[in-house]
Structures are given as structure tokens and as C-alpha cells.
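Take a look at the structure below.
These figures come from a predicted structure and were not determined experimentally.
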Amino acid sequence: MILSRLSTFAARTNARTVPVSPLSKPDYKAWKGRQTKSTQRWLESTYFAPEHGNVALLPAKDGTLARVVLGLGSDARLWDYAVLHASLPPGRYQLDPTLETAAANDACLAWALASYTFTRYKSAPKRAPSLVWPEGCDRAAVERAYRATAIARDLINTPASDMGPAELATAVQEVAGRHQAECSVIQGEALLKHNYPAVFAVGQASPREPRLIDLRWGDETSPKLTLVGKGVCFDSGGLDLKSAGGMKFMKKDMGGAAMMIGLAHMVMDAGLDVRLRLLIPAVENSVSGQAYRPGDVISTRQGLSVEIGNTDAEGRLVLADALAEASTEKPNLLIDAATLTGAARVALGTELPALFCNRDDLAGDILQHGEKAHDPLWRMPLFGAYKRHLESRIADLNNISAVAQGGAITAALFLQYFVGKTTPWVHVDTMGWNSTNRPGRPAGGEAFGMRALFAALQARYSV
């Protein structure tokens, strides 16, 4: 669990630092005109242009590094700054000139996210560049966002052999302990006693017992914020077995839970004025003689019966019980996140989460904050007419649609059956995984949309 201070930053001292000049296209020409002739010739001979993320290393007369120039294009973007960490040799660096707070925060967060490495099984490089904390930077906000992202990335990146339902529960308990929150766990057959039949049905085939993880924090009189995350620690597809290629990255199928754990950390660390509840149904969807079958009918916490059209549509089943429980308290805001459908990836690709929401103003608020936080989402419709595709001849619902099209929408509509009709609700269908390496976004686990959600929550619930 990444909860220590960031080592990739340095305090201001008299030690030698190399200045870094972030320059937009409009500023670059004037800046270049103020430099020495030799510096101008160096920039020209290396064909440097101040495009997004371009970096120039300027030598001193003695051969040492004198200055770094970073291109910001026509308008600075968060990820422009992420290029620096991998482009610079070990040493101490300092932004020059001083940036305004928002830009300084972006620069530091991008630097921090670019420094992330998953080190549980492989050591990180021993030497790396460090950045002096710039004046005006909100260090607490940067550290909060980095730690939450690192928590989510670490949880997703950990192989299922070391990240089952028990280990996921331990991770939530560690975060709870850091923030003096309460955390309880219902495990195994106790799920039936406490009326979480869908969670038990999905997880019963695995020797690693399913769990319902429940964290509570904050003043009971504050607005109720409830987060729900899909915690399928590995998804074989069940008896409707996935292909080898489809199963390859299924350790990431608890990416929604990881994202909500990270978001819960941000909410508690910032001390938002909420009564927070985090619910994680944690299971492993396995194959055995105990596995639930296609054609079975299972009960749910809400009382609706569900015919199993496909055992590989298990995430919506475990979320159904958790959402039903969340709705009993009539929260002021209910948010769930899940690596739920391939259909959302077909529609939006791997890097843009699908946002479903039953309140237009709430959806617009989240999208707006996502743009500002460089953490975008895209709204998709809860098109009620498609509910007919979830009809079953023998049960209240089927867990899959009768048609192949619109799978992300019908999955969201399935979840909506278990959400209170008056409850403001947000559902995020995310990939939870970077397919390629990009500056600040290494291949592997990712918490798409988490910073956007936090920014919206912070605007609503700051003390």
C-alpha cells in the first residue's frame, strides 16, 4: 500500500539545482531572444520546438547540464510535465520561473505520477531525478492524488494469487486504519445469513471465500456519500469460460473496487464534510462443482430474482446486492465504479470511462471537473426503452441482454433496478488498465475518472 511520503520530491535547500523552464509557444520566442547566441544555436541545431512534451537539455560551458526547456504547445496540459521524469538524468531540478498554483499543482502531480513504479516483485531504479517543491504548490493536494492513484494502481497490478477477496479486505482495513474509519467484513456463508445472496452465488465456486467489505467514516449528521466498487479479484468467466486472451488481464477485474478505495482515501484525507460509506463485494469468479450455472435463477438482496444468461456477467450481480444495501440508507449521493463491459470499450476505447447518471446537473458537474482535472469521462444514456432486453420468462430479470448491441447501456440499466428511485446515482464503467506506456500513465492498473469524481465531491462537500 502506497501511503508513505513521496521520495521523488526535494525540499528547498542551498544544494545545486538545475532550472527547468516550461514554455508555451507564445512565450518561447521571447524567451529564446533573451538567451545567449550559443544557447540559441544549440536549440536550433537540435531542432527543438516548444510542442507538447518536447524537452531540450542545455549544456553549460563546463559540459554539465545548465538548464532544461519543456515545451507546452499552445496551451499547457497536465501530461506535458510528465515527460520530464523519464527525460532527465538523476539530479535536483527546480521549475523556473515560478508557476501559478494550478500550474504548479499540475506539474508536481504529473511528475509524481510519472515516478510511479510497481515494486512488489521488481525493484525500482535506485537513482532518479527529484523536483524541488515549487512555491505556491498545494503539496497536500498533490500527495493526496498521487497516493490514491498509487493505491489503485498497486491493487490492480498485484496478481490474483496475492490479491484475492481476503487481501482486498485487508487493503480496505489498512486505509480505514489510517483514517480512523470503521471497517467490517461479512464472509462466506455468513453472506446468506445477512442476505447478500448474489455475492455468495458468484463467489461460492472459489475456495477463497467471497466477502462484503463495509467501511464507514465521518459525522453521522453530514450528507451521506456512498461508494461501491466491483471487487471481482479474478474473473475466469465461470462456466461460460473466457478464452485465454480474454482471461489474460482479469486480475484487473477488481479495478472498480481499487478506484473506489482510492477515492475513499481522498475523501477522508481531505476531511470532506460527508458521512462516507464504502461497500466492496469481493469475489473470485471460478469454475468448480459449486459454480453457479447458465440458466440458474438466483435471488438478490432487493428481492428481485435473476436468471443467469451468462456466468461471465457476474460483476453486475455482486454490485446489485451492494447497491441495494447502499440504497436502504437513502444516500445523498451514490457512486459505483466497475470494469463492467467490453461494450463500453468498443464505444469509447480503453482510456475514456463511460459515465451513466440519473441526474443531468450531477453528470454535467462531473464532466466539467473531469476536463479541468485532465481526467475526462464521457456520458452515455440510461435509455429506458432497452430495459425490455433484460426481460426473463422465468425470473424478474436476466443478467444479460437479449441483443448483442448496447451492452454498456443494458448493464447500467440492470444496475439501476437496484438503486433507489430518488437516489442521485453515478455509475462509471471503466477499463481500469493502461494498455500502453505513456508519460505518467505506465502500462498496467489505472484509476480513470477518480480525480474527476474527487474534484466534483470536493466542490460540493468542502468544509
Basic-acidic side-chain contact under 4.0 Å: [X], [Y]:
| X | Y | value |
| --- | --- | --- |
| R359 | D365 | no |
| E329 | K224 | no |
| E314 | K230 | yes |
| D154 | R120 | no |
| D429 | R345 | yes |

Donor + acceptor pair across side chains of D162, Y121 (<3.5 Å):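 Per modelled atom types, D162 and Y121 side chains form a pair under 3.5 Å.
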Classify the ring geometry of Y93 against W111: parallel below 30°, tilted from 30° to 60°, perpendicular beyond 60°.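 Judged by the thresholds at 30° and 60°, the geometry between Y93 and W111 is tilted.
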Per-pair distances, 0.1 Å, donor-acceptor, side chain in residues 406-419, under 3.5 Å, sequence neighbours excluded:
residue: T410; atom: OG1; partner: G406; partner atom: O; Å: 3.3
residue: T410; atom: OG1; partner: G407; partner atom: O; Å: 3.2

Would a distance-only check, ignoring hydrogens and angles, find a side-chain to backbone donor-acceptor pair under 3.5 Å from T117 to T119?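 Such a contact is absent between T117 side chain and T119 backbone.
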Using modelled atom types and a 3.5 Å cut-off, is there a donor and acceptor pairing between side-chain atoms of D273 and backbone atoms of P223?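 It does not hold such a pair.
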For the OG atom of S206 and the CZ atom of F234, what is their distance to the nearest 0.5 Å?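 Here the rounded value is 11.0 Å.
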Could you grab the distance from atom OH of Y146 to atom CG of L109, nearest 0.5 Å is fine?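 Here the interatomic distance stands at 10.5 Å.
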Begin with the C-alpha distance, continue with both residues' side-chain angles, and end with the deciding distance and a verdict on ring pair (Phe, Tyr, Trp, His ring centres under 6.0 Å) for F48 and Y28. CA-CA 11 Å; F48 176 78; Y28 176 70; 5.5 Å; yes
If the condition is ring-ring contact (aromatic ring centres under 6.0 Å, His included), which residues does W433 pass it with, not counting sequence neighbours?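 Result, ring-ring contact (aromatic ring centres under 6.0 Å, His included) vs W433: F249.
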Just wondering, more than 12 heavy atoms not from E44 lying within 6.0 Å of its CD?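 Counting neighbours around CD of E44, more than 12 heavy atoms of other residues, nucleotides or ligands fall under 6.0 Å, so yes.
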